Amino acid sequence: MEEGALDGVRVVDLASVVMGPYATQILGDLGADVIKIESPAGDSTRVTRPQRHEGMGALALNVNRNKRSVVLDLKTGPGHEAALRLIRGADVLVTNMRPGALERLGLSYDDLARENPKLIYCNAQGFRSDSDRAGLAAYDEIVQASSGMADLMRRATGTPTYAPTILADKLCALTIVYSVLAALVRQRATGRGQRVEVPMADTMLAFNLVEHLAGHTFEPAEGPMGFNRSMTPGHRAVRTSDGWACILPYNEKNIRDFFTAVDRPGLAADPRFGDPASRAKHYGELYEEIEKVAVERTTAEWQELCARLSVPFAPVLELEDAETDPYFTDGGVLSVAEHPTEGKYRQIGSPVLLSETPASVRSHCPSLGEHTEEVLAEIGYSAAEIAEVSVR
């Protein structure tokens, strides 16, 4: 198997739930040696349902591949010392433990930088460590509420609700990845590590404001916050005669060609849609007109017409259809793999294509503590010392 881009990089994963483990899995897919330190109870993803065997939940299978699992009780002297020895030889530590807990365990940045000056110490938590919110619990919904995401849902739907995906966890995981990669470039140039902090609320707010800062970009404000096209009622998929689709005439030519093709000449020349400034005031009417004509044809007919006109279009993918859609199966985004203990399961592949150092799956999600003896032996522990440290 070809070497990954991060071959030779050792990452210690001291994280739980989704954000941290998803980030370290991506680093593992890119070739890093990821060692996951788990408590005797295991990462919380291990208990998620459905599962075939205890400790191997569906979520765990797809955020913990390409890792080696080591069980250590950090609250005991031997467990704490073993963790320190692992971290002394690591390039990166990723954790989402709260700052106070890390300090109590002697695992703060200052503690570990003394042990390993080249260490990239990435701590991701709900709120900045220098703020009065530093110690607050922050699950995905808390961060969506705290960062304006729930308010964006209110503006679009009338109710401050949450996106039906753990958006904050996954977005912040990607932020961890690019931040760690940047720090690795610097580490390779200077031999020095640094602290990387990814506060979830700050990350999500910055993400939300890219387009939604809008009129408040200017001081004084030139208009309200909120990107009008996304906030307009009717900004949704439309019903065709046999299903659902996104039909999105985007610019003046698209709109003119689309309404001409469906025999609505008045709409093709309608000044409300004739230029970006006018369109911004009338997105609602535009969406209504598209919705009215959408039911006149099948999804396949719309696909053919829009392709011919170069009008942006996509049928709505039902999640179950991803299992058989050739686009996704041929690209390896979703495939059937064989786990050593769990049997056949659907594996979410890396969506990134690197021509020289492709991402790869070298090992499946390990069982709890599967590699404790192997990893401790690698860092110099004797069989007797491993027995003393082991809690399994």
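Scope of the values below: all heavy atoms of this structure, side chains included, with no hydrogens, waters or symmetry mates. Owing to the predicted nature of the structure, the values given are computational and were not obtained by experimental measurement.
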Could you list the donor-acceptor pairs under 3.5 angstrom formed by side chains in residues 265-277, with sequence neighbours left out?
| from | atom 1 | to | atom 2 | distance (Å) |
| --- | --- | --- | --- | --- |
| D270 | OD1 | R272 | N | 2.9 |
| D270 | OD1 | R272 | NE | 3.1 |
| D270 | OD2 | R272 | NE | 3.0 |
| D270 | OD2 | R272 | NH2 | 2.7 |
| D275 | OD1 | A277 | N | 3.1 |
| D275 | OD1 | S278 | N | 2.9 |
| D275 | OD1 | S278 | OG | 3.3 |
| D275 | OD2 | S278 | OG | 3.0 |

Partners meeting ring-ring contact (aromatic ring centres under 6.0 Å, His included) with [X] (sequence neighbours left out):
X    : result
H364 : H339, Y345
Y162 : none
Y22  : none

side-chain hydrogen bond (donor to acceptor under 3.5 Å, both in side chains) contacts touching residues 246-262 (sequence neighbours left out):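 Every pair satisfying side-chain hydrogen bond (donor to acceptor under 3.5 Å, both in side chains) with a residue in residues 246-262: E252-R279, K253-D257.
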Going by side-chain hydrogen bond (donor to acceptor under 3.5 Å, both in side chains), name the pairs with one or both residues in residues 216-239, residues two or more places apart or in two chains.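 Counting only pairs at least two positions apart or across chains, the side-chain hydrogen bond (donor to acceptor under 3.5 Å, both in side chains) contacts touching residues 216-239 are R236-E291.
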Return yes if some donor-acceptor pair links the side-chain N/O of D242 with the main-chain N/O of T299 below 3.5 Å, else return no.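 Present.
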For [range], which residue pairs qualify under salt bridge (Lys or Arg N to Asp or Glu O under 4.0 Å), counting only residues two or more places apart or in two chains?
range            : value
residues 9-26    : R10-D33, R10-E378, D13-K36, D13-K67
residues 345-354 : E323-R346
residues 293-307 : R264-E296, E304-R308

side-chain hydrogen bond (donor to acceptor under 3.5 Å, both in side chains) partners for R154, two or more places apart: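 For R154, the residues satisfying side-chain hydrogen bond (donor to acceptor under 3.5 Å, both in side chains) (neighbours in sequence not counted) are D151.
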List, one per line, each side-chain donor-acceptor pair under 3.5 Å for residues 314-322, sequence neighbours excluded.
none

With distance as the sole criterion, is a donor-acceptor pair present between the side chains of E38 and S69 under 3.5 Å?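 Result is yes, a qualifying pair exists.
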Show me the side-chain donor-acceptor pairs of residues 196-210 shorter than 3.5 Å, one per line, residues at least two apart or across chains.
| from | atom 1 | to | atom 2 | distance (Å) |
| --- | --- | --- | --- | --- |
| E197 | OE1 | S129 | OG | 2.8 |
| E197 | OE1 | R195 | NH2 | 3.3 |
| E197 | OE2 | Q125 | NE2 | 2.8 |
| E197 | OE2 | S129 | N | 2.7 |
| E197 | OE2 | S129 | OG | 3.2 |
| D202 | OD2 | R128 | NH1 | 2.9 |
| T203 | OG1 | P199 | O | 2.8 |
| N208 | ND2 | S147 | O | 3.1 |
| N208 | ND2 | M204 | O | 3.2 |

